[in-house]
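Have a look at the structure below, then the notes.
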Protein chains: 2
Amino acid sequence: MTTVLIVDDQPLQRYGFHLLLDSVPETDVVGEAGHGAEAVRKTAELRPDVVLMDVRMPGMDGIEATRCIVAAGGRSHVLVLTTFDLDEYVHAALRAGASGFLLKDARPEELLAGIRAVAVGDAVIAPALTRRLLEEYARYVPSHRTDAAEDPRLTSLTDREREILVAVGKGWTNGEIAARFVLSESTVKTHVGRVLAKIGARDRIQAVIFAYDHGLARPTAD
Amino acid sequence: MTTVLIVDDQPLQRYGFHLLLDSVPETDVVGEAGHGAEAVRKTAELRPDVVLMDVRMPGMDGIEATRCIVAAGGRSHVLVLTTFDLDEYVHAALRAGASGFLLKDARPEELLAGIRAVAVGDAVIAPALTRRLLEEYARYVPSHRTDAAEDPRLTSLTDREREILVAVGKGWTNGEIAARFVLSESTVKTHVGRVLAKIGARDRIQAVIFAYDHGLARPTAD
DNA sequence: GTTCGCGTAGTACCGCGGTACTACGCACCC
DNA sequence: GGGTGCGTAGTACCGCGGTACTACGCGAAC
């Protein structure tokens, strides 16, 4: 049995979901909320398996409520529902910690499957959105552990050289690397030179690019 | 009516899928294939809406076959099926251009919903995998077009300066930039200097990192 | 014990990159 | 007309980065 909390500012909408979920034996609606603050409170109180969350609500919206619920660290998973498939909503919801994102025009069985999935800790995304998400994903997470690991240029590096490459990827100068690794600048130069030769880069800039493309360097606040 | 090509090296498995798809009116199995090469050939010949593709097959595997099919540029969408939810498979399949990735232990209605979705150009991912995909997604695509666009350092750049920054992000030297933009190297230096000052980078290396972190530079084969 | 890979370190040299200036043409706005 | 922002271009200077060497200690492999 999966316990569900329905959050939507429109009573009629809540009623519709309530009817749908009551029509199947596996879900049990344990409460409703009409705005974000109430959703956060009732989640803490009722501890439902799944929170069915509308995005657009007066006052605290669904995204913010999701963030609060996730931050509270309970066992409830949030499944966000919306009428509009705006990318910003999707991004914001997922970043807020939502376990799923479905459109309100989803077919009933899709919604039920989604509730089932997030209840056990899985995640679901509306197919129409998944496509765009994957395109971005493919653009930004290009090569990890797939072709990158096979790249002979990477595997030919020694452990030390890989450390140096990572440091170069952070934008450190030879002097900085020497200081942080407690080495002489000459040694760093030797290492860098060997790294450049092995990965086929003509200067450290290409090495930085190489590091990013192969997942050795990551966006940091460094 | 959705036309489907079933690809699996095990006849019994194909039979099972065939039975399932025949049990509903909306799908029409137009063919079967026992290995990757046959899948590629029959896809070109039968032009099905959806190719149901097994990953593990002798000879050309499902990933490679998917790559060929997608590269061929037909209207067929590939839905990859596998028994094992190995991350490498998921990554490889998505990078190969698959429109979906489901586990073979999916419930029949989930599979049908998946076929329906990819047939119209959407994408689906098994809930169990979506979760991990989202975690990576959140790690690697943290800021784009949300806070990045608001970054005053980026908006303060003129159009020309942004072009220069992109070029620097590609790893080009001042001389190369000058040649490709048909400018003198002095001018390039002036631009680069202004860019560095505006984004707060001490050298072009930090500019490259800045460009990557803000989505101006992307993995290229350049 | 000798060889080999690896990490360490040094010297010498040269060129690209970055800075600090100045300067001019052009479009645009008062 | 004068001011302003932008793109263009130049000179001069210095330092970091990259290359080409050589060299040594150490552990593992043979």
If we only count heavy atoms from C-beta on, is the V7(B) to M57(B) side-chain gap below 4.5 Å?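 Side-chain contact under 4.5 Å: yes.
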Minimum side-chain heavy-atom gap L183(A)-I177(A) below 4.5 Å: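 The answer is no, as the side chains (C-beta and beyond) never meet within the 4.5 Å cut-off.
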Indicate whether OP1 or OP2 belonging to [N] is found under 4.0 Å from a side-chain N or O atom of [X].
X       : N       : value
R202(A) : dT19(D) : no
R204(B) : dG18(C) : yes
N174(B) : dC16(C) : no

Can you tell me how far [atom2] of [N] sits from [atom1] of [X], to the nearest Å?
X       : N       : atom1 : atom2 : value
I177(B) : dA9(D)  : CD1   : P     : 14 Å
I164(B) : dT8(D)  : CD1   : C1'   : 11 Å
E163(B) : dG7(D)  : CD    : P     : 9 Å
L196(A) : dC16(D) : CG    : C1'   : 14 Å
Q206(A) : dG17(D) : CD    : C1'   : 14 Å
D159(A) : dG7(C)  : CG    : C1'   : 12 Å

DNA chain C: stems of at least 3 consecutive Watson-Crick or G-U pairs, cut-off 3.5 Å?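 Stem list for DNA chain C: C:1-30 with D:1-30.
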Closest heavy-atom contact between D54(A) and T82(A)?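 Shortest heavy-atom separation between D54(A) and T82(A) comes out as OD1-CA, 4.4 Å.
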Shortest non-hydrogen contact from S76(B) to R47(B)?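 For S76(B) and R47(B), the tightest heavy-atom pair comes out as OG-C, 3.9 Å.
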Would you kindly compare H191(B) and I205(B) by the position of their nearest DNA chain D nucleotide and give the one closer to the 5′ end?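 Checking each residue's closest nucleotide, the 5'-ward one belongs to H191(B).
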In terms of the nearest nucleotide of DNA chain D, which residue is placed more toward the 5' end: R160(B) or D203(A)?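 Result of the comparison: R160(B).
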Under 3.5 Å, side-chain donor or acceptor atoms of residues 114-130 of chain A against the rest of the protein: list the pairs with distances, not counting sequence neighbours.
{"from": "R116(A)", "atom 1": "NH1", "to": "E26(A)", "atom 2": "OE1", "distance (Å)": "3.0"}
{"from": "R116(A)", "atom 1": "NH1", "to": "E26(A)", "atom 2": "OE2", "distance (Å)": "3.1"}
{"from": "T130(A)", "atom 1": "OG1", "to": "I125(A)", "atom 2": "O", "distance (Å)": "3.3"}
{"from": "T130(A)", "atom 1": "OG1", "to": "A126(A)", "atom 2": "O", "distance (Å)": "3.0"}

State, without any angle test, whether D8(B) and Y15(B) hold a side-chain donor-acceptor pair at a distance under 3.5 Å.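 No, no side-chain donor-acceptor contact under 3.5 Å.
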Would you say the side chains of T187(B) and T190(B) form a donor-acceptor pair under 3.5 Å?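 The answer is no; no qualifying pair exists.
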Listed once per pair and sorted, the salt bridge (Lys or Arg N to Asp or Glu O under 4.0 Å) pairs that draw on residues 70-82 of chain A, sequence neighbours left out: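 Residue pairs passing salt bridge (Lys or Arg N to Asp or Glu O under 4.0 Å), neighbours aside: D49(A)-R75(A).
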Do the side chain of E176(A) and the main chain of T173(A) share a donor and acceptor less than 3.5 angstrom apart?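 Checking the backbone N and O of T173(A) against the side chain of E176(A), a donor-acceptor pair under 3.5 Å is found.
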Using modelled atom types only, decide if a donor and an acceptor are shared between the side chain of R204(A) and the backbone of L165(A) within a distance under 3.5 Å.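 No.
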So if I define the base as every atom that isn't primed, P, OP1 or OP2, how would nucleotides 20-30 of chain D read as a B/S/- string at a heavy-atom cutoff under 4.0 Å? -----------
Which residues, if any, of residues 181-188 of chain B bring a heavy atom under 4.0 Å of DNA chain C?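 Contacts with DNA chain C under 4.0 Å: none.
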Would you please name every residue forming a salt bridge (charged side-chain N to carboxylate O under 4.0 Å, His left out) with E163(B), sequence neighbours left out?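 Partners of E163(B) under the salt bridge (charged side-chain N to carboxylate O under 4.0 Å, His left out) test: R160(B).
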